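Inspection log for the structure reproduced underneath, given as structure tokens.
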There are 2 protein chains.
Amino acid sequence: MATGTRERIVAAAMQLFWERGYGEAGIADVVARAGVRSGSLYHFFESKESLLVAVLEAYQSALIPHIFEPPFRREREPLERVFAVLADYRERLLTTDFRYRCPIGSLALEVGPVSERARVLIDANFAAWRGAIAAALREAALVPGTDPESLATFVLTVMEGGVMQSAAQRSAAPFDASIAHLRAYLMSLVAPAR
Amino acid sequence: MATGTRERIVAAAMQLFWERGYGEAGIADVVARAGVRSGSLYHFFESKESLLVAVLEAYQSALIPHIFEPPFRREREPLERVFAVLADYRERLLTTDFRYRCPIGSLALEVGPVSERARVLIDANFAAWRGAIAAALREAALVPGTDPESLATFVLTVMEGGVMQSAAQRSAAPFDASIAHLRAYLMSLVAPAR
DNA sequence: GTCTATAGGATGATAGAC
DNA sequence: GTCTATCATCCTATAGAC
């Protein structure tokens, strides 16, 4: 096989499913961008849905190295690591002129209801995202009784809802407002120094 | 014209765009559900995108009477009105066996990037939703300096992110966790009695 | 593993009679 | 305004040579 044909197909599909959505992105677009023929695609994947599964697995593999390691390397304070992750999402909004959409969130709404295989992998992506945030929150000195898992769910909620509104408004304002309130809330949970 | 042909087409499109998404719902499905012929649809709408615009206008017209008036009638306390609205979304998750998606949020991610006409109307729907929440928040006795508009944005963020995660997980847990944190935060903003 | 070619079906939209 | 009929295009997926 030519080096990385499968990987090139998956990379092209990731890009196109993100840009146009799963339904609107055609197999013809994927093979064109990957520089392969449709015969090659159907050699590696039995259907478009199988390609979607591979895309979601690739997102999960990329989650820690691409989404979490860079901001975690920049910041050492646990709580600031959380906000550094969110700052990167803000940067994605800016660099796309507010056209950024969370690829997992978009697929969650588009294909979650119609493909159970995809839905399970989307849920796994969300769980892994929450897990990385929860790990940081466990390092933070929060008031006793705070549940890091539940709080990480809240952080993901705020990211998804903020990105969605900012894309709709073509403005950073909704994202920034949401993050500011999240920060105020998290700061209220910091255990008082003693 | 037969009574309400246009309205029946819009109602069918609302339902189908919500169930399957804009791209996956076909014109043939819409006319079948509306019980009309494609000639009628193209008499009222010049394209599928024009139908989408009509759907988004219909959502905005329905927003106050369908989403806000029932919960606001049940609750008189301003802050509890906000949570009553959110409780209705929780009910939608339950009654759909966690298949509920916010129709505006779904369309925001799917068509926001490709149809500017739709994006503007989606933004208007979000703004109207925030406006109704902000009005309730203005009635609540919150600590001075609290911005009801910014806080309403946060409430919408939490609803959208919570619904998305609960649908992906097929469980109320992420939504409930998100609302619980939102409640804790809002309660911390209640002005102390004096 | 990759290629060309195309099957088989669904799609959005149109034509023109009534 | 509504009807039937259909165009033209697009789509996913397959067949079979190399």
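Just so it is clear: chains get the letters A, B, ... in the order the sequence lines come, proteins before strands, and each one is counted from 1. What you are looking at is a predicted structure, and each value in this text was computed from that prediction instead of being measured.
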Checklist line | Separation of Ile122(B) CD1 from Gln165(A) CD (nearest 0.5 Å) | finding: 12.5 Å
Checklist line | Nearest-Å distance for atom pair CG/C1', residues Asp29(B) and dA10(C) | finding: 10 Å
Note to self: Just to be sure I understand the rule, does Gly39(A) reach a base, reach only the sugar-phosphate, or reach nothing, if contact means heavy atoms closer than 4.0 Å?
What the structure shows: base
Item checked: Within 45° cone of Tyr42(A) ring axis and under 6.0 Å: Lys48(A) NZ or CZ -> no
Next item on the list: Indicate, with yes or no, if the rings of Phe154(A) and Tyr185(A) have centres closer together than 6.0 Å.
Entry: yes
Check: Taking atom P of dC11(D) as reference, at what distance in whole Å does atom OH of Tyr22(A) sit?
Finding: 14 Å
Next item on the list: May I ask you to say what Ser38(B) touches in the nucleic acid, namely base, sugar-phosphate or nothing, with a heavy-atom cut-off under 4.0 Å?
Entry: base
Checklist line | Nearest-nucleotide pick for Thr5(B), side chain only, options being dT11(C), dT2(D), dT2(C) | finding: dT2(D)
Notebook entry, point to check: Which whole-number value in Å describes the distance from Leu41(B) CG to dA5(D) P?
Noted result: 19 Å
Notebook entry, point to check: What is the distance from CG of Leu52(A) to C1' of dA13(D), rounded to the nearest Å?
Noted result: 17 Å
Next item on the list: Among dT11(C), dT12(D), dG1(D), find the nucleotide with the atom closest to the side chain of His43(B).
Entry: dG1(D)
Check: Does Phe44(A) belong to the same Ile/Leu/Val/Met/Phe/Trp/Tyr cluster as Leu56(A), with side-chain heavy atoms less than 4.5 Å apart forming each link?
Finding: yes
Check: What is the distance, rounded to the nearest whole Å, between atom CD of Glu24(A) and atom C1' of dG12(C)?
Finding: 12 Å
Checklist line | Closest nucleotide among dG12(C), dT2(C), dT14(D) to the Lys48(B) side chain | finding: dG12(C)
Notebook entry, point to check: What's the closest nucleotide to the Tyr42(B) side chain, out of dT2(C), dT14(D), dT14(C)?
Noted result: dT14(C)
Check: Can you tell me how far P of dT12(D) sits from CZ of Phe17(A), to the nearest Å?
Finding: 9 Å
Checklist line | Length of the CZ-P vector between Arg6(A) and dT2(C), whole Å | finding: 13 Å
Item checked: Residue Arg37(B), side-chain atoms from C-beta onward, closest of dT2(D), dA13(C), dT4(D) -> dT4(D)
Item checked: Whole-Å distance separating the CD atom of Glu46(B) from the P atom of dT14(C) -> 9 Å
Next item on the list: Using atom types as modelled and distance alone, determine if a side-chain donor or acceptor of Trp18(A) lies under 3.5 Å from a backbone N or O of Arg101(A).
Entry: yes
